[in-house]
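To keep things clear, I will list the structure first and then write my remarks on it.
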Amino acid sequence: MIVDQVVELSRFQFALTAMYHFLFVPLTLGLTFLLAIMESLYVMTKREIYKDMTKFWGKLFAINFALGVTTGLAMEFQFGTNWAYYSHYVGDIFGAPLAIEALMAFFLESTMVGLFFFGWDRLSKHQHLAVTWLVAIGTNLSALWILVANGWMQNPVGSVFDYQTMRMEMVSFMDVVLNPVAQVKFVHTIASGYVAGAMFVMSISAFYLLKKRDIAFARRSFAIAASFGLASILLVMVMGDESGYEVGKVQPVKLAAMEAEWNTEPAPAAMTVFGFPNDQTMTTEAAVKVPYVMGLIATRSTDTPVMGIHQLIERNAVRIRNGMKAYGYLTQLRAGDKSPEVQAAFDKTKVDLGYGLLLKAYTNKVVDATDAQVAAAARMTIPNVAPLFFSFRVMVGIGMLLMLIFAYSFWQSARDKLQTQPWFLRLVLFSLPLPLIAIECGWFVAEYGRQPWTITDVLPTIMSASTLSVADLWTSIIAISAFYTVFLIIEVFLMVKFAKQGPSSLHTGRYHFEQQQDA
Amino acid sequence: MIDYEALRFIWWILLGVLFVGFAVTDGFDMGVGALLPFFGKNDTERRVMINTIAPHWDGNQVWLITAGGALFAAWPTVFGVSFSGFYLAMVIVLLALYLRPVGFDYRSKLDNTRWRKSWDWALCVGGFVPPLIIGVAFGNLLQGVPFKFDDIMRATYEGNLLGLLNPFGILSGLMCVAMFLMQGSVWLQMKTTAEMRQRASKYSLVFAFIVLALFVIAGAWLYMGIDGYALASVIDHNAPSNPMVKKVVVEAGAWMVNFDKYPVTQIFPLLALAGPVLVMLMSKFNRSGFAFLFSSLTVLGVIVTCGVMMFPFVMPSSIDPNVSLTMWDATASKFTLEVMTVAAAIFVPIVLAYTLWGYYKMFGRIDSKFVESNTTSLY
């Protein structure tokens with residue numbers, strides 16, 4: 001039998017390590033591009049200040065990058081250590097983008113990052129600039145492949161189940177790569193990383209402007225980040241909308257849950273802007289609804305209904321019964337009865353095999369499930385609504401706020417009026433964590449909203465976990481948390497220390513603290 | 001295109017290439033890391049050591065990440081069963097690996113003796129523990145590991161961490177550590193100057209000797225005391241991957257059969273025996289480039305010897321030998337192997353090209369004067 005607690009703890013550990021990892025990834029995505037832009041300006045204008053900017057922001061980037069690399073290791077390891085059946089069941093498809101990611105992106109990023117830091121005196125100007133761009137390209141390519149893999153978890157295209165190997169197998173690589181969910185997520189994710197990087201540079205530059213030191217350096221950095229950030233946040237918004245549309249098409253359960261749509265409404269559906277969803281009573285208290293909006297966003301039409309949770313549960317109960325049949329035929333096939341009738345019957349029902357596997361939570365044989373167990377499994381296909389509903393709204397709310405901040409920053413920085421508005425500089429300074437909060441919320445919606453599946457409609461989370469002991473899990477969770485806590489303290493300490501020093505930490509003699517000493 | 005059988009063989013070779021690539025490249029930087037508190041007499045010397053590997057360790061580590069990713073893609077079941085079976089051991093490897101990126105990057109950011117000494121030890125652990133445990137894991141693969149499958153191929157592993165630490169497992173672990181330390185010391189010979197370089201030569205002599213001795217002991221032990229696994233039924237090399245339909249027997253001497261069957265493979269154990277001797281000679285005569293070459297060839301010889309012995313097995317099961325995983329019946333589908341082969345054919349040459357360019361650009365020795373005059377731009 002599957003031990004519930006092992007599954008829960010495995011999920012907890014994965015969530016912990018993934019969300020921690022994603023504190024560092026967005027900054028890497030954004031800062032590498034900003035560094036490439038700054039160094040391009042240096043090569044084009046030959047002004048030393050842009051080189052200093054590349055080096056100084058590169059120093060802060062390095063502190064962040066080290067933890068990105070560190071925590072990335074955990075992600076790859078965990079598929080094998082904690083999700084062994086997942087690895088077996090879908091590795092044929094999921095493994096390929098990861099391997100290609102390593103070959104195409106990690107090697108590039110990691111080799112070039114070494115040359116970026118240590119090659120200043122060994123490479124020509126143009127060679128070094130190329131290296132910096134390659135770091136940025138490598139980082140973004142790595143995001144592409146991991147999101148191809150993740151997109152497939154949300155929308156498993158280009159693959160079929162084979163009963164002989166007892167797993168999903170890839171039939172079209174192109175479908176997996178061009179998966180619309182993956183493509184949209186890729187742009188949405190990298191653009192949100194650019195926003196995080198831009199906000200990071202803007203916030204710290206705002207700090208120098210408030211302190212009235214290294215003004216020229218801070219103003220230039222601020223201006224570059226503000227323009228880059230404004231373009232990026234617009235892209236995030238457009239792609240976020242596109243993402244909502246794709247979710248509506250391929251993951252109606254996730255959409256209904258994050259919007260707390262309990263019942264199918266006549267098209268075009270209204271959108272609940274705010275309220276308090278209650279998972280027990282399956283209603284939303286104090287709901288504030290805006291007519292038509294959800295129908296328009298999710299279906300881009302006025303006549304397509306958006307399925308509600310109650311109706312999805314009914315639909316899924318049917319699929320579960322079909323899945324029971326599929327599991328029965330599968331058992332016959334694996335026991336050696338390969339008659340054409342059984343094969344044909346299996347082929348007809350296997351699309352719902354994953355739904356049959358949901359019953360493994362209640363009965364090992366699946367085919368003997370009672371009506372009550374089918375009903376419970378059908379209810380289980382809906383993730384908890386309230387956490388999804390709220391984190392989605394936090395993400396969107398922060399996104400809108402950020403758009404205002406970037407637009408105003410861009411405008412004021414273009415007019416060169418920033419220093420006369422310390423209130424705004426302070427706001428920018430304290431907005432530093434906002435993109436990261438929105439990004440974490442976004443990932444929470446994407447992954448928690450995928451439950452109870454690891455691979456939507458194909459493989460339930462309860463089946464995916466390795467057969468480990470509860471003690472194993474606690475040991476790893478405690479050890480990893482201890483390491484991560486210490487790392488985070490050290491990281492923040494170093495980041496604050498070098499950010500406070502500013503470009504003086506380069507020891508060029510051109511910046512604030514060193515000039516005071518000279519004077 | 002290429003048939004399934006050939007693709008399966010190609011991926012057995014490619015995974016071997018990736019593991020050798022990891023052990024050769026990350027081998028030297030982990031070796032340098034493990035030697036850090038012992039070899040480096042003062043902060044400047046330790047900074048010299050770190051800065052010889054500073055531009056390279058991150059790229060080198062990708063060999064390990066790629067080996068993991070390729071294992072996932074090409075042998076998904078092996079990836080799941082091995083990583084989850086060796087759970088706590090893998091977590092320890094992971095924790096040790098954690099220490100490296102932060103260690104390299106944060107160590108020289110502060111000029112504080114205690115801070116730097118702590119990171120030196122962290123880097124030492126990060127260089128010592130991974131080869132130890134990876135070696136232990138290979139030692140256990142050679143003895144078979146206790147896993148079985150249920151009817152839908154969920155794996156259960158019946159061993160534990162202490163079970164891995166059996167005498168032969170520990171011997172392989174130490175052998176792997178010695179190999180990495182040998183790689184680290186020949187690298188230091190090649191990249192440092194004056195007295196440090198002489199010292200690195202002496203270290204190389206010692207570690208090469210230990211590698212040789214442990215390889216001979218392990219070989220004799222395998223020859224006389226450890227039963228191998230052999231197929232007792234024919235596997236269709238072109239059939240869908242299903243490790244549950246063959247017969248396997250456990251018998252003495254089975255691990256040595258391939259060297260008789262394919263005599264050309266004897267070249268690998270010979271390489272592993274001759275390599276350390278040549279490393280000692282080259283170190284003695286200050287030919288550090290050649291010492292590094294022969295040390296790398298030793299690493300290749302040892303790993304391929306291990307692979308050839310087990311061929312076609314990659315993960316034998318001690319409690320249900322019939323479900324042992326082999327490179328014929330535990331691979332990804334034909335189509336996925338095709339896709340991966342195309343990807344490898346395109347990207348491996350590109351990766352090798354820019355990696356070599358990177359080494360070429362950073363070529364040359366590093367001395368104390370250089371690190372003392374560059375306190376902000378180096379580690």
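Computed over heavy atoms, backbone and side chain alike; hydrogens, waters and symmetry mates excluded. Quick note on labels: first sequence line is chain A, next is B, and so on, each numbered from 1.
- For A:F106, there are no ring pair (Phe, Tyr, Trp, His ring centres under 6.0 Å) partners at least two apart in sequence or on another chain.
- Neither the backbone nor the side chain of A:Y89 comes within contact range of chain B, judged by heavy atoms closer than 4.5 Å.
- Proximity to chain B (any heavy atom under 4.5 Å) is shown, for A:L103, by both the backbone and the side chain.
- Contact check for B:Y87 versus A:N82: side-chain heavy atoms found under the 4.5 Å cut-off.
- With respect to chain B, the highest number of heavy-atom pairs below 4.5 Å among A:L98, A:L123, A:V113 belongs to A:L123.
- Proximity to chain B is limited to the side chain of A:F483, based on heavy atoms less than 4.5 angstrom apart.
- Checked against a 6.0 Å centroid threshold, the rings of B:Y98 and A:Y484 count as neighbours.
- Proximity to chain B involves both the backbone and the side chain of A:R122, based on heavy atoms less than 4.5 angstrom apart.
- Of the two parts of A:T331, neither the backbone nor the side chain holds a non-hydrogen atom closer than 4.5 Å to a non-hydrogen atom of chain B.
- Heavy atoms of B:N60 lying under 4.5 Å from chain A are absent altogether.
- Residue contact with chain B, scored on non-hydrogen atoms closer than 4.5 Å, involves the side chain of A:I100 exclusively.
- When heavy atoms are compared at a cutoff of 4.5 Å, A:V131 approaches chain B solely by way of its side chain, counted from C-beta outward.
- Only the side chain of A:T475 comes within contact range of chain B, with heavy atoms under 4.5 Å apart.
- By the 4.5 Å heavy-atom criterion applied to side chains, A:K360 and B:I152 are counted as neighbours.
- Residue contact with chain B, scored on non-hydrogen atoms closer than 4.5 Å, involves the backbone and the side chain of A:L108 alike.
- Contacts of B:Y379 with chain A are made by both backbone and side-chain atoms, with heavy-atom separations under 4.5 Å.
- With contacts defined as side-chain heavy-atom distances shorter than 4.5 Å, the pair B:S333/A:R167 qualifies.
- Here ring-ring contact (aromatic ring centres under 6.0 Å, His included) pairs that include residues 348-367 of chain B, with residues two or more places apart or in two chains, are B:H56-B:Y359.
- Both the backbone and the side chain of A:E491 have a heavy atom closer than 4.5 Å to some heavy atom of chain B.
- Contact tally against chain B (heavy-atom pairs below 4.5 Å) for A:F65, A:F79, A:F117: the top residue is A:F79.
- Of the atoms belonging to B:M362, heavy atoms from both backbone and side chain fall under 4.5 Å from chain A.
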